[in-house]
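Each remark here refers to the structure printed beneath this line.
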Amino acid sequence: MLCGMQAHDGPLTRLRKSHEQSVLDLLRKHGPLSRAELGTHSGLSRTTLYDIVAGLVEGGAVVASTPPAEVRRRGRPVEKLSLNPDAGEAIGIDFARRAVHVSAVNVAHEMIGSASEAHAADLTWAQRADIAERLLGTLGGSGRAGSARNGPAEGPRPGTLRLGSLSAIGVGVVGPITDPGGAEAHALSIDGLPGLLRERFGVPVLLDNNTRLAALAEAVWGAASDGGDVLYLRLSHGVGGGLVVGGSLHRGMYGMSGEFGHITVDPQGAPCECGGTGCLETVASLDAVLHRYRSAGGRAEDIAAFLSAAASGDRIAHAVLEQVGTDIGTVLAAVSNAIGPGVIVVGGELAQAGAALIEPVERALRTHVMPMVRDRVRVRRATLGEAGSALGGIALVLHESPLLSRYPQPVTEELA
């Protein structure tokens, strides 16, 4: 009996389980991959990989498919492997300042849907959770939710979100998160939110700053999906960002990574709400840009009107964007010299100014970054829009959920 147990759990069995786990982890994080791509990522020999994949397909943990005929290239179609989409689903919720955004995908990275709803700023967390739950109930149906135009691939099997099959929830919120992912993760303004959501949905909750999650989404599905280390900057009512290093979100020792808006650009500048002076946020936030524009004689009631003026060739608006872009590029150069990203992604409402902003950013970056990387760092606009942080919550789940990392063991057993 003992010998049989040893044989069953011997070195070769443990090695095979390790290889299976490696393949499952890669499919969970990256979505559908060909055997060749799996071989590159895993480092397994062709013979070993094919044997492992065959066992996983036979056992139902992995499914194989080929592209539809209309999107195939010439030659033999390349078969893609993915986790079985029936194994579970993950949702992302972004609790922004005045809106709730939700997205959902299955573990095969097939999009189920996205939805958003604006709300008053004074809603309680319970009321915002009510909105999120209601929006999630529309996904995959005929409600306002629709397939995302960017992000996870639209799968060949459009479905409806099954709340009973959720594996975990990734949540983005405004503000610093002191201990993201931990049982007591919260900032002062969101105390109790993880517990509220765990009770509401009955699954683990992974929590992080919504701007950092937008960085992760752009690295996984968006503008930097072909990049390595990614620096993301969001220009909105506040200015912040995130770092994705080696495919993983970097949080820093105290959960404060990505606070690029509080790097000083003008020591004699305006006071910042952080207590500093002349921070990037004091010149590049939406309110700061509007104030500079109006002070120079421009007329705009809001950022939409300012962007419209810039698109129409307004000289004052372009002068403002030139200076703001220069300040942004100078800060990004300093950060780039410290961390060496391959791709810089600029998002937020101000990024909608397009070339009028991005070009001065690139000029300042090239001026101040180290000469050896001057022509290597790429600057791109974000592509995921308002769904970015919710999709980042999903990426957080697919990358870090302890439940999914032990896929395909049933979730109900994990929660028991």
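Here the structure is a predicted model, which is why all the values come from computation and not from measurement. Worth knowing before you read on, the calculation uses all heavy atoms, side chains too, and leaves out hydrogens, waters and symmetry mates.
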Problem - Side-chain donor or acceptor of Ser295 paired with backbone N/O of His291 under 3.5 Å - result: yes
Completion exercise
Nearest heavy-atom approach of Leu231 to Ile339 is CD1-CD1, 3.9 Å
Completion exercise
Taking every heavy atom of Thr277 against every heavy atom of Thr264, the minimum-distance pair comes out as O-CG2, 3.6 Å
Problem - Within 6.0 angstrom of Arg98 CZ, more than 12 heavy atoms from elsewhere - result: no
Practice task
Could you tell me whether a side-chain N or O of Thr282 sits under 3.5 Å from a main-chain N or O of Cys279, the two making a donor and an acceptor?
Solution key: yes
Handout entry: Beyond-backbone contact of Glu359 with Glu322, side-chain heavy atoms, under 4.5 angstrom
Key = no
Exercise for the section: To the nearest 0.5 angstrom, please state how far the CG atom of Leu391 sits from the CG atom of Leu384. Expected result: 6.0 Å
Practice task
Report yes or no: does Arg212 contribute a side-chain atom to a donor-acceptor pair with the main-chain N or O of Ser257 at less than 3.5 Å?
Solution key: yes
Practice task
For residues Leu38 and Leu33, report the shortest heavy-atom separation together with the two atoms involved.
Solution key: CD2-CD1, 3.9 Å
Practice task
Taking the side chain as every heavy atom from C-beta outward, state whether Val62 and Ser82 have any pair of such atoms under 4.5 Å apart.
Solution key: no
Exercise for the section: Could you tell me whether the side chain of Glu259 reaches within less than 4.5 Å of the side chain of Met256, counting heavy atoms only? Expected result: yes
Practice task
Inspect the surroundings of CZ in Arg315 and state if more than 12 heavy atoms from other residues, nucleotides or ligands are less than 6.0 Å away.
Solution key: no
Problem - Aromatic Phe201 / basic Arg198 pairing, under 6.0 angstrom, 45° off normal - result: no
Handout entry: Student check: side-chain heavy atoms of Ile91 and Val102 closer than 4.5 Å
Key = no
Handout entry: Student check: side-chain heavy atoms of Val361 and Leu332 closer than 4.5 Å
Key = yes
Practice task
Test Lys17 against His19 for side chain to side chain contact (heavy atoms under 4.5 Å, CB included), laying out the working first.
Solution key: CA-CA 5 Å; Lys17 288 182 178 179; His19 291 335; over 6 Å; no
Practice task
Please check if the side chain of Asp229 supplies one atom and the backbone of Gly342 the other of a donor-acceptor pair under 3.5 Å.
Solution key: no
Exercise for the section: Go through the steps for Val105 and Ile112 under the test side chain to side chain contact (heavy atoms under 4.5 Å, CB included), then give the verdict. Expected result: CA-CA 5 Å; Val105 304; Ile112 295 169; 5.6 Å; no
Problem - Under 3.5 Å donor-acceptor, His119 side chain and Ala99 backbone - result: yes
Problem - Atom pair CD1 (Ile328) and CD (Gln323), whose distance is rounded to the nearest 0.5 Å - result: 10.5 Å
Handout entry: Short side-chain to backbone donor-acceptor contact, Ser308 and Ala304, under 3.5 Å
Key = no
Problem - Residue pair Asn210 / Val173, side-chain heavy-atom distance below 4.5 Å - result: no
Exercise for the section: To the nearest 0.5 Å, tell me how far Leu26 CG sits from His41 NE2. Expected result: 6.5 Å
Completion exercise
Heavy-atom nearest pair, Leu233 first then Val239, reads CD1-CG1, 3.8 Å
Practice task
Before accepting this row, confirm whether a basic side-chain N of the pair Glu301/Arg294 lies closer than 4.0 Å to the acidic partner's carboxylate O.
Solution key: no
Handout entry: N-O pairing of Arg366 and Asp375 below 4.0 Å
Key = no
Handout entry: N-O pairing of Lys80 and Glu37 below 4.0 Å
Key = yes
Completion exercise
Rounded to the nearest 0.5 angstrom, the OH-OG distance for Tyr50 and Ser45 is 11.0 Å
Handout entry: Donor-acceptor pair between Ser389 and Arg234 side chains, under 3.5 angstrom
Key = yes
Problem - Within 6.0 Å of CZ in Arg376, more than 12 heavy atoms from elsewhere - result: no
Fill in the blank from the handout: In this structure, NE2 of His101 is separated from OG of Ser103 (nearest 0.5 Å) by 9.5 Å
Fill in the blank from the handout: Here the pair of heavy atoms bringing Ala104 nearest to Leu139 is CB-CD1, 3.6 Å
Exercise for the section: Output, in order, the C-alpha distance, side-chain angles, deciding distance and verdict of side chain to side chain contact (heavy atoms under 4.5 Å, CB included) for Asp327 and Asp266. Expected result: CA-CA 9 Å; Asp327 290 338; Asp266 180 8; over 6 Å; no
Problem - Criterion side chain to side chain contact (heavy atoms under 4.5 Å, CB included) on Asp94 and Leu213, from CA distance to verdict - result: CA-CA 9 Å; Asp94 173 21; Leu213 291 184; over 6 Å; no
Problem - Gly242 backbone acceptor or donor facing His250 side chain under 3.5 Å - result: no
Problem - Backbone of Val345 reached by a side-chain donor or acceptor of Glu218 within 3.5 Å - result: no
Completion exercise
One should read off an interatomic distance between Asp51 CG and Glu20 CD, to the nearest 0.5 angstrom, of 9.0 Å
Fill in the blank from the handout: When every non-hydrogen atom of Leu350 is compared with those of Leu307, the smallest separation belongs to O-CD2, 4.3 Å
Handout entry: Ile344 and Val377, any side-chain heavy atoms less than 4.5 Å apart
Key = yes
Practice task
Taking the side chain as every heavy atom from C-beta outward, state whether Leu197 and Phe95 have any atom pair closer than 4.5 Å.
Solution key: yes
Exercise for the section: Give a yes or no answer on whether the side chain of Ser248 reaches the backbone of Val244 with a donor-acceptor pair at less than 3.5 Å. Expected result: no
